[in-house]
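As the structure is a computational prediction, the values presented were derived from the model and not from experiment.
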Amino acid sequence: MAGEPQDDCLFCKIVRGKIPATVVRETDTTVAFRDINPQAPTHVLVIPKAHHRDAASLAIAEPEILADVVREAGEVAAEEKLDSYRVVFNTGSGAGQTVFHVHAHVLGGRGMQWPPG
């Protein structure tokens with residue numbers, strides 16, 4: 001069920017403290033932590049504490065929480081002193097999503113190419 005913790009979800013386990021992560025920010029609704037496979041000098045994931053499969057699902061069910069995720073991405077960038085950064089939501093395995101709990105990638109600290117990927 002959307003919003004409910006999933007026993008088999010890596011990110012739900014991080015939220016519950018069952019798997020360690022290098023947390024850089026936490027609010028009532030979100031957790032931000034360093035990616036274990038960074039793709040840029042700064043690579044932080046921002047996730048909602050509630051389980052939702054992807055950004056579109058979260059936008060439908062709890063748009064205010066999606067806004068929290070995006071706001072926290074900006075806060076992470078500010079704390080990391082990033083003048084330029086990218087926020088990415090991957091949706092579906094074809095787009096590179098490997099953990100099916102919505103998460104925003106905050107990437108910075110190097111030049112970014114366009115188009116991505």
Side-chain angles (χ1 to χ4, degrees):
M1 179 174 180
E4 297 297 320
Q6 304 294 305
D7 290 335
D8 62 344
C9 175
L10 175 69
F11 291 171
C12 286
K13 290 177 184 177
I14 288 172
V15 168
R16 293 193 314 258
K18 295 183 181 260
I19 293 178
T22 304
V23 174
V24 297
R25 285 186 63 81
E26 184 169 2
T27 69
D28 290 343
T29 59
T30 66
V31 178
F33 54 92
R34 300 211 182 274
D35 195 298
I36 62 168
N37 184 26
Q39 301 301 304
T42 298
H43 189 168
V44 174
L45 303 178
V46 182
I47 68 170
K49 290 182 175 179
H51 181 88
H52 294 275
R53 181 175 175 85
D54 54 46
S57 300
L58 179 57
I60 291 167
E62 299 185 86
E64 67 284 356
I65 303 298
L66 180 57
D68 291 346
V69 170
V70 174
R71 182 175 33 259
E72 284 304 303
E75 292 295 329
V76 166
E79 286 184 2
E80 297 286 324
K81 299 182 179 15
L82 298 174
D83 293 330
S84 298
Y85 61 96
R86 183 172 285 168
V87 177
V88 177
F89 289 93
N90 296 325
T91 300
S93 57
Q97 187 177 8
T98 58
V99 177
F100 292 89
H101 180 126
V102 63
H103 53 287
H105 297 259
V106 180
L107 300 148
R110 67 168 171 82
M112 302 284 166
Q113 301 294 318
W114 195 261

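Q6 and H101 share no side-chain donor-acceptor pair at under 3.5 Å.
Separation of atoms CG (L107) and CE (M112) is listed at 5.0 Å; rounding is to 0.5 Å. H51 contributes atom NE2, which lies 5.5 Å from atom SG of C12 (distance to the nearest 0.5 angstrom). Atoms CD and CZ, from E26 and F33 in turn, are 11.0 Å apart once rounded to the nearest 0.5 Å. A distance of 14.5 Å separates NE2 in H43 from OH in Y85, rounded to the nearest 0.5 Å. H105 contributes atom NE2, which lies 12.0 Å from atom CZ of R86 (distance to the nearest 0.5 angstrom). Rounded to the nearest 0.5 angstrom, F100 CZ and N90 CG are separated by 9.5 Å.
For the side-chain contact (heavy atoms from CB on, under 4.5 Å) test with L45, the passing option among I36, D35, V31 is D35; the others fail.
Minimum interatomic distance between E80 and R34 (heavy atoms only, all atoms of both residues): OE2-NH2, 2.7 Å. The two residues P63 and I60 make their nearest non-hydrogen contact at CD-O, 4.1 Å. For the pair G108 and A40, the tightest heavy-atom approach, listed with the atom from each and the gap, is O-CB, 3.5 Å. A pairwise comparison of heavy atoms in K49 and T30 identifies CE-O, 3.6 Å as the closest pair. Listed here is the closest heavy atom pair of E62 and A50: OE2-CB, 3.8 Å. Nearest approach of A55 to V102, heavy atoms of both residues: N-CG2, 3.3 Å.
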Return all side-chain donor-acceptor pairs below 3.5 angstrom for residues 64-77, not counting sequence neighbours, or 'none' if the list is empty.
{"from": "D68", "atom 1": "OD1", "to": "R71", "atom 2": "NH2", "distance (Å)": "2.2"}
{"from": "D68", "atom 1": "OD2", "to": "T29", "atom 2": "OG1", "distance (Å)": "2.8"}
{"from": "E72", "atom 1": "OE1", "to": "R25", "atom 2": "NE", "distance (Å)": "2.5"}
{"from": "E72", "atom 1": "OE1", "to": "R25", "atom 2": "NH2", "distance (Å)": "3.0"}
{"from": "E72", "atom 1": "OE2", "to": "R25", "atom 2": "NH2", "distance (Å)": "3.4"}

Residues 13-24 side chain polar contacts: donor-acceptor under 3.5 Å, at least two apart:
none

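Under a hydrophobic-cluster definition in which Ile, Leu, Val, Met, Phe, Trp and Tyr are linked whenever side-chain heavy atoms come within less than 4.5 Å, directly or via other members, F11 and V44 are assigned to different clusters.
The closest side-chain heavy-atom distance from L58 to P48 is below 4.5 Å. Looking only at side-chain heavy atoms (C-beta outward), F89 and D54 stay at 4.5 Å or farther from each other.
A donor-acceptor pair is defined here as one N or O able to donate and one able to accept, closer than 3.5 Å; such a pair exists between the side chain of Q39 and the backbone of N37.
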